Novice: 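Below is one structure. I have some questions about it.
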Amino acid sequence: MAKPKIAFFDFAGCEGDQLQIANLEERLLDILGHVEVVSFREVATGHSDDYDVAFVEGSITRPEDEIRLKEIRKNAKVLVALGACAAIGGINCLKNFMAENVYREEVYGGQARWYSTYAARPLKSVVHVDAEVPGCPIDPTEFARITKELLQGRAPWIPDFPVCVECKQAGNVCRYEMGKMCLGIITRAGCKAACVCEGAHCWGCRGLVPGANLDAARIVMDRAGSDRKATQDLLRFFLGDTGAAL
């Protein structure tokens, strides 16, 4: 039986998620024993438009991106959003809260009108997405598991509970008990509370947990002593396209 063919593509993003996949090393070799990689610019030359599964990193930020993404969607039996920018729009959506002339001049300076651009958006705003690998960057182990489930014809599972659960399991002191803000109360788990375990707080990079109570979350953040602008800025950092930051 022929091996399924997989390809990797990127739009507006840092390509750090593809580097995470390359960092799988021996586990990546195990995956490669079951698939044929026909396009993966980060690790190999060559490209083919004959593929079964397309892993797509980055958000859509230009009209011409839509044309390319729709072509990828047409060729792929399964399309997977790889990472926060692809799945939820990510930090690229910060520009959506600025006037276009402001971010154009900030990025391009004197060539501000040379390049096409529009409000950033996740892949699912343009095409149907079959599965997502959340996070910034993605967890390579989760990527390996989701890929395995896809190859088995199963719907990939990602946690449907908040990061708070993993924080409790890790024995972390709640950031709100410390008088700090944290988005773990509304963010989808699966990262093992990595940022909190390293002394920071949750930034929301894995997107909203299903059924997130945003009104209650804002009340909790207000009680922690944060002003409304600080709350709004944190919600916009990764969640700008989810409706959480409005």
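All of these numbers come straight from a predicted model, not from anything done at the bench.
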Novice: Rounded at 0.5 Å granularity, tell me how far CZ in Phe143 sits from CD1 in Ile31.
Specialist: 5.5 Å
Novice: Between Arg218 and Asp222, is the salt bridge (charged side-chain N to carboxylate O under 4.0 Å, His left out) condition met? List the steps.
Specialist: CA-CA 6 Å; Arg218 291 187 182 95; Asp222 288 344; over 6 Å; no
Novice: Indicate yes or no: at least one non-hydrogen side-chain atom of Ile67 is less than 4.5 angstrom from one of Glu71.
Specialist: no
Novice: Minimum heavy-atom separation for Asn92 and Ser59, please, with both atom names.
Specialist: ND2-OG, 2.7 Å
Novice: So if I apply the side chain to side chain contact (heavy atoms under 4.5 Å, CB included) rule between Pro156 and each of Asp130, Ile146, Thr147, which one comes out positive?
Specialist: Ile146
Novice: Going by an N to O cut-off under 4.0 Å, is there a salt bridge joining Glu66 and Arg73?
Specialist: no
Novice: Could Arg188 and Phe161 be counted as a cation-pi pair, given that NZ or CZ must be under 6.0 Å from the ring centre and within 45° of the axis?
Specialist: no
Novice: Between the side chain of Glu36 and the main-chain N/O of Lys3, is any donor-acceptor distance below 3.5 Å?
Specialist: no
Novice: How long is the span from the CG atom in Leu69 to the CG atom in Leu123, to the nearest 0.5 Å?
Specialist: 5.5 Å
Novice: Give a yes or no on this: more than 12 heavy atoms of other residues, nucleotides or ligands lie within 6.0 Å of atom CD of Glu106.
Specialist: no
Novice: Between Glu142 and Arg145, is there a side-chain N and carboxylate O pair less than 4.0 Å apart?
Specialist: yes
Novice: Less than 4.5 Å apart, any side-chain heavy atom of Val196 and any of Cys182?
Specialist: yes
Novice: Hey, what do you get for OH (Tyr118) to CD (Glu100), rounding to the nearest 0.5 Å?
Specialist: 12.0 Å
Novice: What I want to find out is whether Asp52 reaches Lys5 closely enough, with some N-O distance under 4.0 Å, to be called a salt bridge.
Specialist: no
Novice: Backbone N or O of Arg41 within a donor-acceptor pair of the Thr45 side chain at under 3.5 Å?
Specialist: no
Novice: Can a donor-acceptor pair be found, under 3.5 Å and without considering hydrogens, that links the side chain of Arg206 to the backbone of Gly204?
Specialist: no
Novice: Over all heavy atoms of both residues, which pair between Cys197 and Ala170 is shortest? Give the atoms and the distance, please.
Specialist: SG-CB, 3.7 Å
Novice: Look at the side chain of Arg104 and the backbone N and O of Ala99, then say whether any donor-acceptor pair between them is shorter than 3.5 Å.
Specialist: no
Novice: Measure from NZ or CZ of Arg236 to the centre of the six-membered ring of Phe238 and say whether it is under 6.0 Å with the direction within 45° of the ring axis.
Specialist: no
Novice: Taking the side chain from Asn96 and the backbone from Ala119, do they hold a donor-acceptor pair closer than 3.5 Å?
Specialist: no
Novice: Between the main-chain N or O of Ala189 and the side-chain N or O of Glu166, is there a donor-acceptor pair closer than 3.5 Å?
Specialist: no
Novice: So if I apply the side chain to side chain contact (heavy atoms under 4.5 Å, CB included) rule between Tyr51 and each of Ile6, Ile72, Val78, which one comes out positive?
Specialist: Ile72
Novice: Do Lys70 and Val126 have side chains that approach each other closer than 4.5 Å (heavy atoms only, starting at C-beta)?
Specialist: yes
Novice: Please check if atom CD in Glu64 has more than 12 non-hydrogen atoms from other residues, nucleotides or ligands closer than 6.0 Å.
Specialist: yes
Novice: Looking at Phe11, does the NZ or CZ of Arg68 lie under 6.0 angstrom from its six-membered ring centre and within 45 degrees of the ring axis?
Specialist: yes
Novice: So, Phe237 versus Trp203, ring centres under 6.0 angstrom or not?
Specialist: yes
Novice: Using ring centroids (six-membered ring only for Trp), state whether Phe55 and Phe9 fall under 6.0 Å.
Specialist: no
Novice: For atom CD of Glu177, decide whether the heavy atoms of other residues, nucleotides or ligands shown that lie under 6.0 angstrom number more than 12.
Specialist: no
